[in-house]
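Predicted model, so just to flag it, every value in this text is computed and none were measured. Atoms considered below: every heavy atom in the structure, side chains included; atoms not considered: hydrogens, waters and symmetry mates. Letters go in sequence order (proteins before strands), and every chain restarts at 1.
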There are 2 protein chains.
Amino acid sequence: MAKAPTVYDVAEYAGVSIATVSRVLRSPDTVKAATRERVLDAVRFLGYVPSANARGLAARRTNVIGLFFPGHDDHHSGAIPFAEGDHIEVGTDDTEDDENLYYDEVLRGAEAEAARHGFALMVASGDGDVVSDLAGRVDGLAVLAGTVSDELLAHVGRRIPVVILGGRDDEFDHVSANNGPGMRELARHVATKAATIAYVAGAEGPDDAERWAGFSEVATAALHRGDFTRRSGQRIASEMRELPDAIVCANDQMALGVLDVLERLGIRVPEDVLVTGFDGIAAGRHSRPTLTTVHQPMAELGRAAVQVITARLDDPERQKQSLTLAVRVVLRESCP
Amino acid sequence: MAKAPTVYDVAEYAGVSIATVSRVLRSPDTVKAATRERVLDAVRFLGYVPSANARGLAARRTNVIGLFFPGHDDHHSGAIPFAEGDHIEVGTDDTEDDENLYYDEVLRGAEAEAARHGFALMVASGDGDVVSDLAGRVDGLAVLAGTVSDELLAHVGRRIPVVILGGRDDEFDHVSANNGPGMRELARHVATKAATIAYVAGAEGPDDAERWAGFSEVATAALHRGDFTRRSGQRIASEMRELPDAIVCANDQMALGVLDVLERLGIRVPEDVLVTGFDGIAAGRHSRPTLTTVHQPMAELGRAAVQVITARLDDPERQKQSLTLAVRVVLRESCP
DNA sequence: TCTTCGACTGTAAGCGCATACATTTATCTG
DNA sequence: CAGATAAATGTATGCGCTTACAGTCGAAGA
C-alpha cells in the first residue's frame, strides 16, 4: 500500500498529459489508439485505480445510490467463534432463528437495478447521523417509511432525491406495495370462512395503517397492537382470552409467532382457527402449517426505488410520483 | 435540489471562515461554544450536508468498506409488477424459489461490524470492471474467493487492503470457515452408517477443495462434479446409476437438489439413502426431510472480514493473517 | 505595564480528477 | 502545396473539503 498512484503518475509514465489519461478512462475513442495503449500500459504497470472521490468531486456526482435501513439491533455483537484446535462440535440442531429479514430481498433488487443503471449501492443502518453521512456520499437515497425523522428527511431531501419505501405524500417520491387492497382481498377470503376475527396490527406507520384500512373495508375485528416481530405475535396470542375463528396478522413474522403459541397450546390450524400473515417471507412457505399470506414483491420494491431515483436524477423537475406494486394473495394451509 | 450548499455558504452565513465550519463538524471542542452554535444554525438553515467526496479527497480516506459479490445473474430483470386498478390476484402458491443466497447473512454481518467501526458499507456485484470501480471508492475490500481474477486482485490490492472470504495464501488476508475439519467430522459420522458413499462436489475452488480433502481423510467415495447449484444437485442425482448408502454434498443447495430428485423417484431419506449438505442455509432447516449439514457462521464471516480490514488499515505492516471460523455439524433427519 | 502563552480563528495550499478552452498535429481540398 | 478543417492533445481551473501554519486577542505572569 505504498502511496497510491494518481493520474499524474500515469501521465508521466506514459508521457502524456493528465487530461489524456482521464480521457482514456472516460471516453476512450477520443484518444488515438497508440496513445491509449501506452496509457493503459502505464495504468497496469503502476497499479493505478482512479479515486472515486476525486472523480465525484470534479464531476459533481458519485454514481452511488444509498439505501438506509433501521438498525440491526446489534444482536450480532458477540464474540466471533474462531476454530479452536481440531474439535468440531456436533449437535442435533441449532437454535438460530434467522428471520430472513425481508429487506435482504429489497436490497438485492436495489443492487441489481443500481448495477443496471451504472450505480453502486451503499447500505447503512443505524440512526440519524448515519443518514446524513450517507446523504453526503450518494446521488440519491432510499429509506424505509417511518425510519427517519421528517426533519432529517427534509434536510437531506434538499441535497439529493429521496425515495421512501412505503407511505405516500407529496413531499417525496414513494414506492410501496398495494397494502390496502391486498389485505382487503385477503380479509374478504377470511370473512367467508370466519365469523369472529382477531386482527394483530404491527407497529404504527403507513404500512400498518393501510393494511388495517383495507381489512376494515370488508370485515370487523378486535384489534391487538403488536410491533411486527415474531415475539409480539407470540405475546398477543398467549394473551388472547378466547379463540376467534380467525387471526389476521399485519405481517408474516407475527403470524408465525401466533402459530408458535397455537401449536404449543395444541390448537389446530386451520381446523380450530385460521391464521394469515402479510409479506410472503420464505419462512411462511416452510412453516407448519404453511402460511396464507399476501405476497409483496420485495426485490421489485428495491428495483422500483432505484428506478425512481434515477428517473429523478435525470429530471429533477418531474412531478413527485408514488408507485404502487401489485401484491398477490397466496392461500396456503393456515387458511386455505 | 437547488445547488447544494457548501462550506463556503455556511461560513458566509455564519460569518466565519470555512476552516471554522470544518472544525465545528470534525472537532467541535476546538471551537468556542457560541461560534459553534452559530455555525450549526447556519447548517440547519441552509440544509448543509458535507460532501463525502470532497472530504474523502482531502482526508485521503473514504470511511467506506466494499463488499464484492458474484453477479446476481439478473434473473430479476423482468418488468416490475405495478398494481393495476382494483384487482388483486389470488393464488394457491407462488413458484418462487428464493434460495436465500447465503451472502445475505454475510452482508448483514459485514454491515453491522462496519457500522461499529464507523464505516459505511458499499456492495457491488458483477464483473471485473465493477471491482476496480469499487476499489476506487473504498478504504478496504472484501471479496469472495474465486470470484475475482488473481490479476485484478493484485491490481487493486496495491491500492487498498483486500480480504478474501475463503481460501488462504500469503498474498492477502483471509477469513474462512473451518471447511476441511467440518466435512471430515461429518464424513466420520456418515461413515459409521454407510458403506458406499457418493460425493457431490461443487465448483472447483478453495472451499470445495478443502471440503473434499476433509472428507477424504476419513472416507472414500465416487466423486461427482457439480457447481454448487440446486440444479446441479438434481442433475447429478438423476444421472446416478445405482444408489449408494449415502450422498454427501459439498453444499446445501446441491443436497436439496438431490432431495428433490429422490423424492420424485420415491426413494426414502434417510431409510433408503442418507443425504448431507454443507453451509447451514435456512432452507435446509425446513426441507423434508430436514437436512443434516455443517453450519457455517455466515454473519460472523462478514464481521470478521470487516475486522480484518480495519485492523490492516490501522497497521498496514502487520503480517497477513488467515482467520478460520468454527463450524458445527448439525444432525437432522436426512442423516440422523 | 509589557510579555508570554494559550485558546480561537483565519489563510492558503493542496487532495485527484474532469473538462472547457487553447494549441498542436494530421487530414483533406483543389 | 497552401489553406482550411478535423482530430488529438495539452493547459489551466475548480470541484468542496481538511489541515498545517499563521495570525489575533484576552488573560495571566513578571
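- Residue Thr6(A) has its side chain nearest to dC17(C) when only dG16(D), dA18(C), dC17(C) are considered.
- Judged by distance alone with a 3.5 Å cut-off, a donor-acceptor contact links the side chain of Arg23(B) to the base of dG10(C).
- Straight-line distance from the CG atom of Asp29(B) to the P atom of dC8(C): 10 Å, rounded to whole Å.
- With salt bridges taken as basic N to acidic carboxylate O contacts below 4.0 Å, none links Arg108(A) and Glu105(A).
- Out of dA18(C), dA8(D), dC15(D), the shortest distance to the side chain of Ala59(A) is found at dA18(C).
- At the phosphate of dA18(C), OP1 or OP2 sits under 4.0 Å from a side-chain N or O atom of Ser22(A).
- Under the 4.5 Å side-chain criterion, counting only non-hydrogen atoms from C-beta, Tyr13(A) is in contact with Leu46(A).
- Between Asp133(B) and Arg137(B) there is a salt bridge, since a side-chain N of the basic residue sits under 4.0 Å from a carboxylate O of the acidic one.
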**OP:** Check step by step if salt bridge (charged side-chain N to carboxylate O under 4.0 Å, His left out) holds for Asp41(B) and Arg38(B).
**Re:** CA-CA 5 Å; Asp41(B) 282 346; Arg38(B) 256 189 310 143; over 6 Å; no
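- In this model, the phosphate group of dG16(C) is not approached by any side-chain N or O of Ser51(A) to a distance below 4.0 Å at OP1 or OP2.
- Side-chain atoms of His155(B) and Glu151(B) include no donor-acceptor pair closer than 3.5 Å.
- Side-chain N/O atoms of Ser17(A) include one lying less than 4.0 angstrom from OP1 or OP2 on dG10(D).
- Between the two ends of the helix from dT1(C)-dA30(D) to dG30(C)-dC1(D), each summarised by a five-pair axis, the helix axis turns through 30° (rounded to 10 degrees).
- Nucleic acid contact class of Val16(A) (heavy atoms, under 4.0 Å, all strands): sugar-phosphate only.
- Listed candidates were dC17(D), dG10(C), dG16(C). Nearest to the side chain of Pro50(B) is dC17(D).
- Atoms CZ (Arg60(A)) and P (dA18(C)) sit 12 Å apart, rounded to a whole Å.
- Checked by atom type, the side-chain pair Arg168(A)/Thr324(A) shows a donor-acceptor distance below 3.5 Å.
- For the pair Asp133(B) CG and dC17(C) C1', the computed distance is 14 Å after rounding to whole Å.
- Leu165(A) is not listed as a side-chain neighbour of His174(A), based on a closest heavy-atom distance of 4.5 Å or more.
- Residue-to-nucleotide proximity on DNA chain C shows that, of Val49(A) and Thr35(B), the 5′-proximal contact is made by Thr35(B).
- Among the nucleotides dG16(C), dG10(C), dA18(C), the one closest to the side chain of Leu57(A) is dG16(C).
- Spacing between atom CG of Leu25(A) and atom P of dT19(C) amounts to 12 Å, rounded to whole angstrom units.
- To the nearest angstrom, C1' of dG14(C) lies 15 Å from CG of Asn53(A).
- Within 3.5 Å, a donor on the side chain of Tyr8(B) pairs with an acceptor on the base of dC17(D), or the reverse.
- Comparing dT9(D), dT11(D), dC17(C) by their closest approach to the side chain of Thr20(A) singles out dT9(D).
- Counting any heavy atom pair closer than 4.0 Å across all strands shown, Val31(A) reaches sugar-phosphate atoms only and no base atom.
- Spacing between atom CD1 of Ile18(B) and atom C1' of dC15(D) amounts to 13 Å, rounded to whole angstrom units.
- A straight line from CZ of Arg38(B) to P of dT9(C) spans 8 Å, rounded to a whole angstrom.
- At least one side-chain heavy atom of Phe228(B) sits under 4.5 Å from a side-chain heavy atom of Asp208(B).
- Taking atom NZ of residue Lys32(A) and atom C1' of nucleotide dT27(C), one finds them 12 Å apart after rounding to whole Å.
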